[in-house]
Amino acid sequence: ADYESMTREEKTAWSNNLDHNTLITVLEGAGLLKGTKQERGDENLKKMVPADGSDTTTKDYDYTTDPYDLRGLCELINPEVMPSVEISLSSDRSLRAHITHQNTIHMRGMSGFSPRFRKTPGGRAIQKERTGTLWHEMGHGLEHDSSGITDAASALRDERGKGESIRGLASATGNSYSANEKTYEDQWNDPYTGKWYGHLSSTEIVSMGLQNLRDPREFSRQDHQHFLFTLAAISGKLGKRDQNVHPSEWMNRLPGGKK
């Protein structure tokens with residue numbers, strides 16, 4: 001509401017100063033995120049657990065170097081919303097990143113690249129792209145675990161899709177997608193955001209929103225409604241975790257299970 005009451009010049013100035021740390025400060029100041037970013041990062045990273053419930057953290061991800069800025073993402077999310085996720089990294093070049101409904105993210109890692117290459121512009125570009133991919137798939141995890149977020153995302157997609165014909169993603173984007181992949185094109189910054197899954201409740205609204213939060217300044221400028229929706233989702237205003245409890249947590253709830 002405060003944003004909408006701003007003049008054009010005030011909106012421009014606000015957007016120009018928006019980066020990751022400023023966004024966190026704004027969300028904390030508005031009471032949308034509790035605690036410090038260090039506390040949220042630590043608490044949310046604990047939810048990165050293997051599907052078998054073992055004591056080790058995600059096997060395939062190097063937390064020391066944190067190549068895909070997982071901590072940066074965890075700092076932005078209300079722990080009551082944060083899903084429990086396992087990350088499975090692969091060197092398979094044909095792998096298309098995805099997350100299962102058990103919240104295991106399958107995507108390509110950086111293990112095939114030398115440390116020297118990773119410091120080159122090409123290496124940094126690949127790392128940046130895969131950081132966006134990880135943040136994107138985490139958005140699906142948020143939807144999987146919250147019926148409130150799922151319902152709100154479906155409603156926004158359908159509302160913005162009113163009067164829009166469903167198009168093939170291949171023709172809407174110019175990229176290679178299968179014939180059965182469709183989208184409500186609307187005025188999304190990327191037509192993929194409006195992807196339609198038929199009778200399924202899944203959307204790309206939250207996942208594309210998290211991916212775009214890698215650059216909050218540009219995201220706010222390009223689609224402020226989607227930007228604000230994403231902030232509402234990660235802060236818990238649209239719903240908290242209420243479904244799809246992770247297997248490791250089932251074990252914790254069983255008599256004699258891990259504490």
Side-chain angles (χ1 to χ4, degrees), residues 20 23-24 27 32-33 40 44 47-48 68-70 72-87 96-107 129-161 169 173 181-216 218-220 222-246:
H20 178 80
L23 179 60
I24 288 176
L27 293 175
L32 294 175
L33 289 178
R40 284 190 305 277
N44 285 332
K47 295 186 172 71
M48 302 292 105
Y68 300 154
D69 196 17
L70 188 55
L73 175 61
C74 288
E75 292 170 350
L76 280 168
I77 299 177
N78 180 340
E80 293 182 283
V81 176
M82 186 74 181
S84 292
V85 171
E86 178 183 14
I87 304 171
R96 181 172 174 179
H98 64 281
I99 185 172
T100 68
H101 278 281
Q102 290 72 42
N103 280 354
T104 297
I105 295 174
H106 296 274
M107 61 178 291
E129 176 187 7
R130 294 183 186 175
T131 297
T133 297
L134 177 60
W135 285 42
H136 178 107
E137 299 303 334
M138 287 293 295
H140 286 301
L142 264 68
E143 279 199 25
H144 290 171
D145 282 12
S146 172
S147 58
I149 292 176
T150 296
D151 292 345
S154 296
L156 179 62
R157 179 202 57 200
D158 295 346
E159 176 64 27
R160 288 186 53 160
L169 265 173
T173 64
E181 293 185 272
K182 310 289 186 181
T183 186
Y184 288 109
E185 190 169 9
D186 186 53
Q187 298 300 312
W188 302 109
N189 182 48
D190 186 326
Y192 193 83
T193 307
K195 188 174 181 179
W196 178 71
Y197 284 92
H199 67 285
L200 300 177
S201 60
S202 299
T203 79
E204 295 291 338
I205 304 296
V206 180
S207 55
M208 290 298 290
L210 283 191
Q211 182 175 334
N212 289 332
L213 274 184
R214 292 285 297 137
D215 187 346
E218 195 64 23
F219 187 16
S220 174
Q222 292 178 342
D223 192 331
H224 199 71
Q225 183 191 40
H226 188 198
F227 172 74
L228 292 179
F229 179 92
T230 304
L231 299 188
I234 63 177
S235 65
K237 291 299 182 182
L238 301 180
K240 308 290 176 60
R241 292 181 64 211
D242 61 2
Q243 58 190 17
N244 197 35
V245 178
H246 199 273

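Below, each value reflects all heavy atoms present in this structure, side chains not excepted, and no hydrogens, waters or symmetry copies.
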Polar side-chain atom of Ser146 near backbone of Leu142 as donor-acceptor pair, under 3.5 Å: no

When you measure from the side chain of Thr183 to the backbone N and O of Tyr192, does any donor-acceptor pair fall under 3.5 Å? no

Please check if the side chain of His101 supplies one atom and the backbone of His144 the other of a donor-acceptor pair under 3.5 Å. no

Taking Asn189 for the side chain and Phe219 for the main chain, is one N or O donor matched with an acceptor at less than 3.5 Å? no

Identify which one of Gln211, His140, Lys195 satisfies the side-chain hydrogen bond (donor to acceptor under 3.5 Å, both in side chains) criterion when paired with Glu204. His140

Nearest heavy-atom approach of Trp188 to Thr193 is CE3-CG2, 3.5 Å

Side chain to side chain donor-acceptor pair (under 3.5 Å) between Asp145 and Asn103: does it pass, once the steps are laid out? CA-CA 9 Å; Asp145 282 12; Asn103 280 354; 3.1 Å; yes

Would you call the rings of Trp196 and Tyr184 parallel, tilted or perpendicular if under 30° counts as parallel and over 60° as perpendicular? perpendicular

What are the two closest heavy atoms between His98 and Arg96, and how far apart are they? ND1-O, 3.0 Å

Side-chain heavy-atom pair Leu238, Phe229 within 4.5 angstrom cut-off: yes

When rounded to the nearest 0.5 Å, the distance separating CD1 of Ile105 from CE of Met107 is 7.5 Å

Does atom CD of Glu218 have more than 12 heavy-atom neighbours from other groups under 6.0 Å away? yes

Does the salt bridge (charged side-chain N to carboxylate O under 4.0 Å, His left out) test come out yes or no for Arg157 and Glu143, once each step is laid out? CA-CA 14 Å; Arg157 179 202 57 200; Glu143 279 199 25; over 6 Å; no

Closest approach of Thr203 and Ser154, non-hydrogen atoms and distance? CG2-OG, 3.6 Å

Please find the pair of heavy atoms, one from His20 and one from Gly72, that lie closest to each other, and give the distance. CE1-O, 3.1 Å

Could you tell me whether a side-chain N or O of Thr173 sits under 3.5 Å from a main-chain N or O of Leu169, the two making a donor and an acceptor? yes

Using a 4.5 Å cut-off on heavy atoms from C-beta on, say whether the side chain of Glu75 contacts that of Leu33. no

What's the shortest heavy-atom distance between Met82 and Cys74, and which atoms? CE-SG, 3.6 Å

Which heavy atom of Trp135 sits nearest to which heavy atom of Asp69, and what is that distance? NE1-O, 3.3 Å

